[in-house]
Amino acid sequence: MTDNVKNINQISKELEKLLKEKQSEYGSFHSTSYVFKNVLESILSAFNGTKVHCPNNIFGLCMIFVKLWRSVTNKKYKKDTYDDINGYNELNRSLKMEENNGK
């Protein structure tokens, strides 16, 4: 196995540090994801009169959308916006890997 393939799932030390800081500031991404998913499912199910299912990573996807929208509408480059996009992508990847390990 080449180093490129072996290291493909590793994240940068800077991103790893950012994720740890954000988690200590905002709480668990995984817990927030599941709460958001369940609340959204409840609202959509009640509105539609039928059971609606959302993916576990819907919260992270929504947050990526918000950050992407910010990057489109703000003419000024903001490094933290792109760092946040990378962070949410990594958290979503981690959540999906965790789901796959449980099956």
Side-chain angles (χ1 to χ4, degrees):
M1 181 179 327
T2 68
D3 285 340
N4 289 341
V5 172
K6 188 167 80 175
N7 296 328
I8 197 163
N9 289 328
Q10 292 181 346
I11 60 175
S12 71
K13 295 294 182 196
E14 181 182 345
L15 182 56
E16 185 175 21
K17 180 182 174 200
L18 174 69
L19 293 176
K20 285 180 183 177
E21 289 172 4
K22 295 290 185 175
Q23 181 157 304
S24 69
E25 187 175 342
Y26 296 112
S28 166
F29 172 79
H30 286 63
S31 295
T32 303
S33 292
Y34 288 112
V35 168
F36 183 85
K37 169 197 181 304
N38 290 328
V39 168
L40 187 58
E41 284 180 345
S42 296
I43 292 168
L44 292 174
S45 294
F47 181 78
N48 288 294
T50 186
K51 182 68 177 157
V52 173
H53 296 281
C54 296
N56 291 335
N57 66 344
I58 191 70
F59 172 70
L61 294 173
C62 289
M63 293 305 296
I64 289 172
F65 173 77
V66 167
K67 302 301 179 172
L68 286 170
W69 184 250
R70 180 185 293 169
S71 73
V72 168
T73 59
N74 188 349
K75 303 289 185 223
K76 186 177 178 185
Y77 169 75
K78 293 189 56 95
K79 180 183 181 304
D80 69 319
T81 296
Y82 294 92
D83 290 343
D84 287 346
I85 292 168
N86 287 335
Y88 282 114
N89 186 61
E90 178 57 31
L91 291 167
N92 276 336
R93 186 177 72 81
S94 171
L95 185 64
K96 184 54 90 174
M97 289 172 62
E98 185 179 285
E99 288 174 19
N100 289 344
N101 286 337
K103 292 182 179 178

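Checked against Asn56 for a side chain to side chain contact (heavy atoms under 4.5 Å, CB included), the options Glu98, His30, Lys37 give a single hit: Lys37.
Taken together through direct or relayed side-chain contacts under 4.5 Å among Ile, Leu, Val, Met, Phe, Trp and Tyr, Leu44 and Phe36 form part of one hydrophobic cluster. Hydrophobic clustering (ILVMFWY, side-chain heavy atoms < 4.5 Å, transitive): Val52 and Phe59 are in one cluster.
Open room surrounds CD on Glu14; 12 or fewer heavy atoms of other groups in view lie less than 6.0 Å from it. Enclosure of atom OH in Tyr26 is not indicated, since only 12 or fewer non-hydrogen atoms of other residues, nucleotides or ligands lie within 6.0 angstrom. Atom NZ of Lys51 has more than 12 neighbouring heavy atoms from other residues, nucleotides or ligands inside a 6.0 Å radius.
Here the closest non-hydrogen pair linking Met63 and Tyr88 is CE-OH, 3.4 Å. Between Tyr82 and Ser71, the shortest heavy-atom contact is OH-CB, 3.3 Å. Residue Lys67 comes nearest to Thr81 through the heavy atom pair O-CG2, 3.3 Å, listed as atom of the first residue, atom of the second, then distance.
Put simply, the side chain of Ile64 reaches to within 4.5 Å of the side chain of Asn92, judged on heavy atoms. At least one side-chain heavy atom of Lys22 sits under 4.5 Å from a side-chain heavy atom of Asp84. A heavy-atom distance below 4.5 Å is found between the side chains of Leu95 and Tyr34.
Here Ser45 contributes atom OG and His53 contributes atom NE2; the two are 7.5 Å apart, rounded to the nearest 0.5 Å. One finds the CG atom of Asn89 at 11.0 Å from the OG atom of Ser94 (value rounded to the nearest 0.5 Å). Atoms CG and CD1, on Asp80 and Ile85 in that order, are 10.0 Å from each other to the nearest 0.5 Å. Rounded to the nearest 0.5 Å, atoms OG1 (Thr73) and CG (Leu68) are 10.5 Å apart.
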*asked:* Working note: Leu40 + Ile58, criterion side-chain contact (heavy atoms from CB on, under 4.5 Å); need CA distance, chi angles, decisive distance, verdict.
replied: CA-CA 9 Å; Leu40 187 58; Ile58 191 70; 3.9 Å; yes

_Test log, rule side-chain contact (heavy atoms from CB on, under 4.5 Å), inputs Met97 and Arg93_ = CA-CA 6 Å; Met97 289 172 62; Arg93 186 177 72 81; 2.9 Å; yes

